[in-house]
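Notes follow once the structure below has been shown.
Reminder, nothing fancy here: chain letters follow the sequence lines and each chain counts from 1.
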There are 2 protein chains.
Amino acid sequence: MAKVTLQSIADQVGVSRMTVSNAFSRPDQLSAELRARILAAAAELGYVGPDPAARALARGRTGAVGLLLNGPLSEAFADEVAAAFVASVSDELTARGLALTVLTPPRDESFFPARDVGMDAAIVYTCEPDSAGVDWLARRAIPMVAVDQDLGEAVPRVLVDDRVGARAAAEHLAALGHTRVAVLTLARPGTPVRTDEPDVLSTSHPARERMAGWREGLGEREPVVGYVALGTEGDPYAAALELLRTADVTAVLCFSDVFAYAVVRAAEELGRSVPGDLSVVGFDDNPLAATVRPALTTVRQDVRAKGRIAVERLTDVLAGRPAEPVVLPTELVVRESTGPAPA
Amino acid sequence: MAKVTLQSIADQVGVSRMTVSNAFSRPDQLSAELRARILAAAAELGYVGPDPAARALARGRTGAVGLLLNGPLSEAFADEVAAAFVASVSDELTARGLALTVLTPPRDESFFPARDVGMDAAIVYTCEPDSAGVDWLARRAIPMVAVDQDLGEAVPRVLVDDRVGARAAAEHLAALGHTRVAVLTLARPGTPVRTDEPDVLSTSHPARERMAGWREGLGEREPVVGYVALGTEGDPYAAALELLRTADVTAVLCFSDVFAYAVVRAAEELGRSVPGDLSVVGFDDNPLAATVRPALTTVRQDVRAKGRIAVERLTDVLAGRPAEPVVLPTELVVRESTGPAPA
DNA sequence: CCTGAGTTCTATACCGGTACAGTACGTTCG
DNA sequence: CGAACGTACTGTACCGGTATAGAACTCAGG
């Protein structure tokens with residue numbers, strides 16, 4: 001059977017192709033009676049509806065929004081917080097009649113999603129400003145919204161107040177009398193597990209901001225005894241063991257709740273009780289944080305709101321409205337993993 | 001600035017438009033020297049590369065594959081097993097130079113991803129054969145692969161041997177002397193929480209097959225004392241409490257590890273010890289199953305393999321190769337949540 | 001010197017729609 | 001009763017590429 005197009009239906013019914021197009025895409029442009037006849041003819045011929053590719057070319061819109069990630073999706077999902085963000089973005093896009101296309105770094109440059117996939121706009125999640133993906137999107141002039149990252153003034157951003165949250169966590173420890181505090185945070189990929197060099201820190205916005213907040217909150221005390229910087233491929237538990245064995249501290253500030261829980265388990269392994277001998281603070285308020293024992297003191301952020309607001313900003317941009325930068329609040333949640341510094 | 005197209009570069013360099021197209025898409029079709037000149041001119045004019053929408057129309061391929069889900073993405077992610085499957089699919093597609101577009105049921109028919117988004121093929125995950133999404137894909141003649149569902153002979157399927165796994169779980173309980181066994185499984189949406197009517201069961205392939213396997217494995221004994229059928233919106237913990245309060249059983253077979261853990265907590269709440277007073281078996285071997293106490297006896301399936309094989313089948317279909325149906329094995333994993341039936 | 005087989009580039013013909021500016025024909029209103 | 005307007009439909013001009021067949025030229029082999 002030959003391909004069924006708008007034209008074949010137009011011929012069948014005896015109207016112009018444009019009228020058939022309108023029957024599907026702009027019902028108010030023709031009489032109900034004629035539209036019914038056209039739809040009937042279409043059904044009879046087995047016409048499904050306008051071809052998305054042709055429509056995308058003619059309209060200049062695809063109906064899809066890209067979500068640019070800095071690693072494979074399985075990596076994002078290893079972190080429950082990132083997974084919740086992705087889910088939130090998808091839900092919000094659905095509610096607005098947009099589809100989600102996942103843009104991951106390619107294995108092979110021959111097909112580069114950020115360069116080769118049609119989309120109306122993109123949400124950039126935690127990607128370095130100089131990454132290839134961001135570069136392609138920018139060169140294609142695809143409207144972007146940056147989440148958990150600063151891509152410059154031109155790109156609207158949705159951030160979390162990591163610094164204030166981290167400062168609150170550090171002040172909490174300080175108020176409990178802790179003076180020897182370590183940090184377990186993210187490092188640039190490839191960095192050795194343990195280091196005291198501040199410049200191996202991950203350049204991600206949250207990593208920088210949280211570190212800055214911790215330093216502020218620890219105030220005049222020797223701010224950080226040492227820290228373990230962990231690449232994405234690192235094993236948090238091994239890093240935590242290493243940290244506790246080599247650093248003489250009474251508390252640890254962690255980049256995430258997953259890291260914090262690793263510290264808790266490492267402390268148990270080494271026979272140190274939490275929070276009796278060691279206080280541990282996480283970040284994000286992962287569902288995990290409330291479930292494990294001892295429940296983790298952490299800094300809460302509202303991940304679903306982050307996704308929702310990112311999509312709102314995106315639709316603002318698509319509609320030509322100005323999109324103000326947003327900074328979402330954080331909140332210290334004190335649970336069982338922190339206590340007074342041991343004497 | 002006027003839009004930069006292939007034609008503008010062709011004019012600038014003084015070659016045909018086709019040659020410029022080849023410079024980007026088929027480098028072996030022209031001399032290296034000319035290609036370099038074209039690329040230089042393109043860079044100078046700020047040409048990014050062929051427009052994906054136009055290319056999709058001309059080539060008849062988009063480079064994107066749809067993943068059809070039967071609910072919002074956040075719902076899929078509530079289940080760690082489904083999330084792992086999605087991640088696996090994405091990783092495998094990336095490895096093959098394809099992008100992933102998420103196809104969820106629309107809030108509003110005006111934009112229906114399964115109907116309106118361009119894609120080369122689709123993976124259908126746990127969707128009812130008569131759902132609107134499947135119907136649109138079928139009418140568009142989009143190549144499909146069905147996962148955890150049977151869409152008829154024409155659609156290649158990737159299944160898990162749920163029945164054999166469930167039977168093994170039931171036989172395990174039988175061997176331990178259990179004769180009064182309940183089931184906690186999925187129901188059709190909207191079904192009341194507790195029922196003994198078999199036909200409220202979810203029509204999903206896994207739900208049917210697991211139930212069949214459980215019945216087989218319990219053999220000649222009164223097969224199932226009763227079961228709680230749980231819609232997707234139901235609260236497993238509440239259902240588990242209800243079940244244990246009303247059914248006089250020594251063991252519960254569950255549709256998932258999440259359900260099983262809910263039963264464990266409900267048993268604790270009611271003062272019954274697991275596995276002393278009550279044995280519980282889950283399904284899937286969710287990471288959770290090994291972490292919680294008591295660790296859950298469960299039926300393992302390899303979710304990453306399921307994603308990988310689904311994508312393999314999909315590429316087979318795209319290449320015109322026949323795609324044989326696949327049934328992946330399951331394996332009973334005995335941990336701490338099952339023990340001899342109490343006297 | 002002629003033939004056949006590469007290269008390298010071009011001409012033509014689509015791919016399947018939508019936007020926009022009409023045209024033709026009632027209706028309404030001053 | 002004529003101007004102004006709304007409704008219903010059409011004609012034309014794109015949207016920005018790619019496939020395919022062929023033309024022009026080079027080169028090796030007989």
Closest non-hydrogen atom pair, A:Ala146 against A:Leu151: CB-CD2, 3.8 Å

Per atom distances to the A:Asn22 side chain, the nearest of C:dA11, C:dA19, D:dT10 is D:dT10

Assign A:Leu30 to base, sugar-phosphate, or nothing according to its heavy-atom contacts below 4.0 angstrom with the strands shown. sugar-phosphate

From CE of B:Met18 over to C1' of D:dA23, roughly how many Å is that when rounded to an integer? 16 Å

Between C:dG17, C:dA11, D:dG17, which nucleotide gets closest to the side-chain atoms of A:Arg55? C:dG17

With the side chain defined as heavy atoms from C-beta on, B:Arg61 is closest, among D:dA19, D:dG17, D:dG16, to D:dA19

Below 4.0 angstrom from OP1 or OP2 of D:dC9, is there any side-chain N or O of A:Thr19? no

Minimum heavy-atom distance A:Ser8-A:Lys3, with the two atoms named: OG-O, 4.5 Å

Take atom CG of B:Leu6 and atom C1' of D:dG17, then tell me their distance rounded to the nearest Å. 6 Å

Distance, rounded to the nearest Å, where B:Arg37 contributes CZ and C:dT8 contributes P: 14 Å

Length of the line joining A:Asp51:CG and C:dC15:P, which is rounded to integer Å: 11 Å

Thinking salt bridges, do A:Asp91 and A:Arg308 make one under a 4.0 Å N-O criterion? no

5' priority, DNA chain C, between B:Ser31 and B:Ala58 [closest heavy atom]: B:Ser31

Output yes when at least one side-chain N/O atom of B:Arg35 is less than 4.0 Å from OP1 or OP2 of C:dT8, else no. no

Please confirm whether the backbone N or O of A:Arg115 pairs with a side-chain atom of A:Arg140, one donor and one acceptor, at under 3.5 Å? yes

Integer-rounded Å distance: D:dA8 C1' and A:Ile38 CD1: 11 Å

Side-chain N or O of B:Arg26 closer than 4.0 Å to phosphate OP1/OP2 of D:dA19: yes

In whole angstrom, what separates B:Gln29's CD from D:dG22's C1'? 14 Å

Whole-Å gap separating P (C:dG16) and CZ (A:Arg59): 17 Å

Donor-acceptor pair under 3.5 Å, A:Arg17 side chain vs C:dG17 base: yes

Given atom NZ of B:Lys3 and atom C1' of D:dG17, what is their separation to the nearest angstrom? 12 Å

From C:dT10, D:dG16, D:dT10, pick the nucleotide closest to the side chain of A:Val15? D:dT10

Categorize A:Tyr47 for me: base, sugar-phosphate, or nothing, with a 4.0 angstrom heavy-atom threshold over every strand shown. sugar-phosphate

To the nearest 0.5 Å, how far apart are CD1 in A:Ile9 and OH in A:Tyr47? 5.5 Å

